[in-house]
Engineer: 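Got a structure here, written out as structure tokens. Questions coming.
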Amino acid sequence: MGERTCHDSAHARGRPPGALDTPAPSAAPGGWEGCETTPVAGVPVHAAVLGPATAPEVVCVHGLGVSHRYFLPFARALAPRRRTVAVDLPGFGRTPGPRRGLDIPRLARSLAAWLRATGRAGVPLVANSIGCQITVHLAATAPELVGPLVLNGLMLEGGNRGVAQKTGQLLLTVPSENPALVPLVLGDYLRCGPRRIWWTLCRALDDPVSRTLPKVAALAVVVRGTHDRLSDHESAALAADLLPRGRLVEVPGKGHALNYSAPHTLARITEELVTGRP
């Protein structure tokens, strides 16, 4: 089989390309069926795709320091019912970013611009960790761009949200994850770099997400593993209560990244939310 390549998303999806310039092709990421590169405000935004081109889409929003790569098991679990598109936000994965990191509102604006550029307004969003905060901010400020929301591992501000506390909670959660996740995450962290991770984490910990949740009109489900130390039961239940159309689902014995460590369970939860059928 020949090497798969990335294509301009407007062409790949059969939409008018408008002012977008077609980027140079690059190799598709390992395990994915293909990828897109979309110029957004001068930045070539990368997204990996898997699933039939004619299937309804789901967009995945990654957490801190990571990328599209850890959504691959989830994408495989959704196929062939849905086509998964896992975007790399500026500064993460294969998408370049500014030298200084972006805070939650600016990352949300970048996601909004990419959704508009690729014609994906109204697509369901599946987010993990800090990606949940980005998705919540997007849903509150640009509701026309989002469909139903799956918020896996959402963290609220306040309480045990210092950098040291969150680092300790992350380490305590690792034994509940799929062991293969650790080298994948470390590789993404090295690519992202410690300065960007630190800067983004500090801004994310200050993000007043609990004040934003009541402004979200979209149907939403907050999901957490019962062994997730980063998102405890009390904060997850509060987040679900603050969402006007939210509910909480807990997955026994699992950790923070259900998209990797419990992909079939998260796929079932996503499908139930999107279709309205258990």
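These numbers come from the heavy atoms of this one structure, side chains and all, not from hydrogens, waters or symmetry mates.
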Engineer: So which heavy atom on Cys60 is nearest to which on Thr84, and how close?
Structural biologist: SG-CG2, 3.6 Å
Engineer: Kindly work out whether a path of hydrophobic side-chain contacts (I/L/V/M/F/W/Y, heavy atoms less than 4.5 Å apart) joins Val150 to Val274.
Structural biologist: no
Engineer: If hydrophobic clusters are built from ILVMFWY residues whose side chains come within less than 4.5 Å, do Leu115 and Leu149 share one?
Structural biologist: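 Yes, Leu115 and Leu149 fall within the same hydrophobic cluster.
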Engineer: Could you give the distance from CG (Asp103) to CG (Asp207), rounded to the nearest 0.5 Å?
Structural biologist: 8.5 Å
Engineer: Checking side chain to side chain contact (heavy atoms under 4.5 Å, CB included) for the pair Arg196/Arg99: CA distance, chi angles, key distance, verdict?
Structural biologist: CA-CA 8 Å; Arg196 186 180 304 278; Arg99 185 167 184 176; 5.8 Å; no
Engineer: Could you tell me which non-hydrogen atom of Thr95 sits nearest to which non-hydrogen atom of Asp88, and how far apart they are?
Structural biologist: OG1-O, 2.7 Å
Engineer: Are any non-hydrogen side-chain atoms of Arg83 and Pro56 less than 4.5 angstrom apart?
Structural biologist: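 They are not in contact (no side-chain heavy atoms under 4.5 Å apart), so the answer is no.
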Engineer: Could you tell me if the side chain of Glu272 sits less than 4.5 Å from the side chain of Arg277, heavy atoms only?
Structural biologist: no
Engineer: Heavy atoms, side chains only, cut-off 4.5 Å: are Met155 and Ser129 in contact?
Structural biologist: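 Side chain of Met155 against side chain of Ser129, heavy atoms only: contact under 4.5 Å found.
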Engineer: Using 4.0 Å as the upper bound for N to carboxylate O, is an ion pair formed by Asp206 and Arg203?
Structural biologist: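 Looking at Arg203 and Asp206, the cut-off is not met.
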Engineer: Let's go through Leu258 and Thr265 carefully: what are the C-alpha distance in whole Å and the side-chain angles of both, what is the deciding distance for side chain to side chain contact (heavy atoms under 4.5 Å, CB included) to 0.1 Å, and is it a yes or a no?
Structural biologist: CA-CA 8 Å; Leu258 297 177; Thr265 301; over 6 Å; no
Engineer: Please tell me if the side chains of Pro44 and Pro39 come closer than 4.5 Å, counting only heavy atoms from C-beta onward.
Structural biologist: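 A side-chain contact under 4.5 Å is absent here.
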Engineer: Does the pair Ser110 and Val40 meet the rule for a side chain to side chain contact (heavy atoms under 4.5 Å, CB included), with working shown?
Structural biologist: CA-CA 8 Å; Ser110 296; Val40 179; over 6 Å; no
Engineer: State, yes or no, whether a side-chain contact exists between Val126 and Val59 at a heavy-atom distance under 4.5 Å.
Structural biologist: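 Val126 vs Val59: side chains apart.
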Engineer: Flag this pair as yes if the NZ/CZ of Arg116 is under 6.0 angstrom from the six-membered ring centre of Trp114 and inside a 45 degree cone about the axis; otherwise no.
Structural biologist: no
Engineer: Taking Thr37 for the side chain and Val45 for the main chain, is one N or O donor matched with an acceptor at less than 3.5 Å?
Structural biologist: no
Engineer: For the CZ atom on Arg82, are there more than 12 heavy atoms of other groups (residues, nucleotides or ligands in this structure) within a distance under 6.0 Å?
Structural biologist: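 Atom CZ in Arg82 is packed in, count exceeds 12.
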Engineer: Name the one of Asn259, Val251, Asp228 that satisfies side chain to side chain contact (heavy atoms under 4.5 Å, CB included) with Val223?
Structural biologist: Val251
Engineer: For His62 and Phe71, I'd like to know if the aromatic rings sit close, meaning centre-to-centre distance below 6.0 Å.
Structural biologist: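 No.
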Engineer: Hydrophobic clusters here meaning ILVMFWY residues chained together by side-chain heavy-atom distances under 4.5 Å, can you tell me if Phe92 and Trp199 are in one?
Structural biologist: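 No; tracing contacts between hydrophobic side chains, which count when under 4.5 Å, never links both residues.
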Engineer: I'd like to check Leu248 versus His233 (side-chain heavy atoms, cut-off strictly below 4.5 Å). Are they in contact?
Structural biologist: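 Counting from C-beta outward, Leu248 and His233 do come under 4.5 Å.
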Engineer: Do the charged groups of Glu144 and Arg120 touch, with an N to O distance under 4.0 Å?
Structural biologist: no
Engineer: If we ignore hydrogens and angles and just use 3.5 Å, is the side chain of Glu36 paired with the main-chain N or O of His46 as donor and acceptor?
Structural biologist: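 Looks like no, no N/O pair under 3.5 Å.
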Engineer: Taking Leu242 as the fixed residue, which of Leu213, Thr212, Val222 is the one that meets the side chain to side chain contact (heavy atoms under 4.5 Å, CB included) rule?
Structural biologist: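 Testing each of Leu213, Thr212, Val222 against Leu242, the sole residue satisfying side chain to side chain contact (heavy atoms under 4.5 Å, CB included) is Leu213.
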Engineer: Kindly work out whether a path of hydrophobic side-chain contacts (I/L/V/M/F/W/Y, heavy atoms less than 4.5 Å apart) joins Val58 to Val249.
Structural biologist: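 Same cluster.
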Engineer: Testing the basics here: between Gly65 and Ile197, what is the closest heavy-atom pair and its distance to 0.1 Å?
Structural biologist: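 Scanning both residues, the minimum pair turns out to be CA-CG1, 4.1 Å.
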Engineer: If every non-hydrogen atom of Thr173 is compared with every non-hydrogen atom of Gly255, which pair is closest and at what distance?
Structural biologist: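 Answer, listing the atom of Thr173 first, then Gly255: CG2-CA, 3.9 Å.
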Engineer: Show the nearest heavy-atom pair for residues Pro263 and Ala77, with the distance to one decimal.
Structural biologist: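 In this case the closest contact between Pro263 and Ala77 is O-CB, 3.7 Å.
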Engineer: For Ala48 versus His68, what's the shortest heavy-atom pair and its separation?
Structural biologist: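 Looks like CB-CD2, 3.6 Å.
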Engineer: Is Glu177 close to His256 at the side-chain level, that is, under 4.5 Å between some pair of heavy atoms?
Structural biologist: yes
Engineer: Which pairs would a plain distance check flag for residues 178-188, meaning a side-chain donor or acceptor within less than 3.5 Å of a matching protein atom at least two apart in sequence or in another chain?
Structural biologist:
unit_1	atom_1	unit_2	atom_2	d
Asn178	OD1	Ala180	N	2.9
Asp188	OD1	Ser67	OG	3.4
Asp188	OD1	Arg69	NE	3.0
Asp188	OD1	Arg69	NH2	3.3
Asp188	OD2	Ser67	N	3.2
Asp188	OD2	Ser67	OG	2.8

Engineer: What distance separates Arg224 CZ from Asp232 CG, expressed to the nearest 0.5 Å?
Structural biologist: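 Result: 6.5 Å between the selected atoms.
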Engineer: Is the side chain of Ser235 donor-acceptor paired with the backbone N or O of Leu156 at a distance under 3.5 Å, no angle test?
Structural biologist: no
Engineer: CZ of Arg100 to CZ of Arg106: how many Å apart, nearest 0.5 Å?
Structural biologist: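 Rounded to the nearest 0.5 Å, the CZ-CZ separation comes out at 7.0 Å.
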Engineer: Kindly indicate whether the side chain of Ile104, heavy atoms from C-beta on, has any atom under 4.5 Å from the side chain of Thr200.
Structural biologist: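 Result no, sub-4.5 Å side-chain heavy-atom pair not found.
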Engineer: Using a 3.5 Å distance criterion without hydrogens, assess whether the side chain of Tyr260 forms a donor-acceptor pair with backbone atoms of Phe74.
Structural biologist: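 Absent.
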Engineer: Between Asn128 (side chain) and Asn152 (backbone), is there a donor-acceptor pair under 3.5 Å?
Structural biologist: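 It does hold such a pair.
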Engineer: Just to verify, what does Arg195 make a salt bridge (charged side-chain N to carboxylate O under 4.0 Å, His left out) with, not counting sequence neighbours?
Structural biologist: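 Not a single residue meets the salt bridge (charged side-chain N to carboxylate O under 4.0 Å, His left out) criterion with Arg195.
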Engineer: For the atom pair NE2 (His227) and OG (Ser261), what is the distance rounded to the nearest 0.5 Å?
Structural biologist: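 That separation rounds to 12.5 Å.
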Engineer: Output the distance between atom CD1 (Ile130) and atom CG (Leu107), rounded to the nearest 0.5 Å.
Structural biologist: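 Atom-to-atom, Ile130:CD1 and Leu107:CG are 9.0 Å apart.
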Engineer: Is there a side chain to side chain contact (heavy atoms under 4.5 Å, CB included) between Leu243 and Leu151? Walk through the geometry before answering.
Structural biologist: CA-CA 11 Å; Leu243 286 161; Leu151 305 173; 4.1 Å; yes
Engineer: Once you round to the nearest 0.5 Å, how far does NE2 of His264 lie from CG of Leu78?
Structural biologist: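 Result: 10.0 Å between the selected atoms.
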Engineer: Under a single-linkage definition using a 4.5 Å side-chain heavy-atom cutoff for Ile, Leu, Val, Met, Phe, Trp and Tyr, are Leu64 and Tyr70 assigned to the same hydrophobic cluster?
Structural biologist: yes
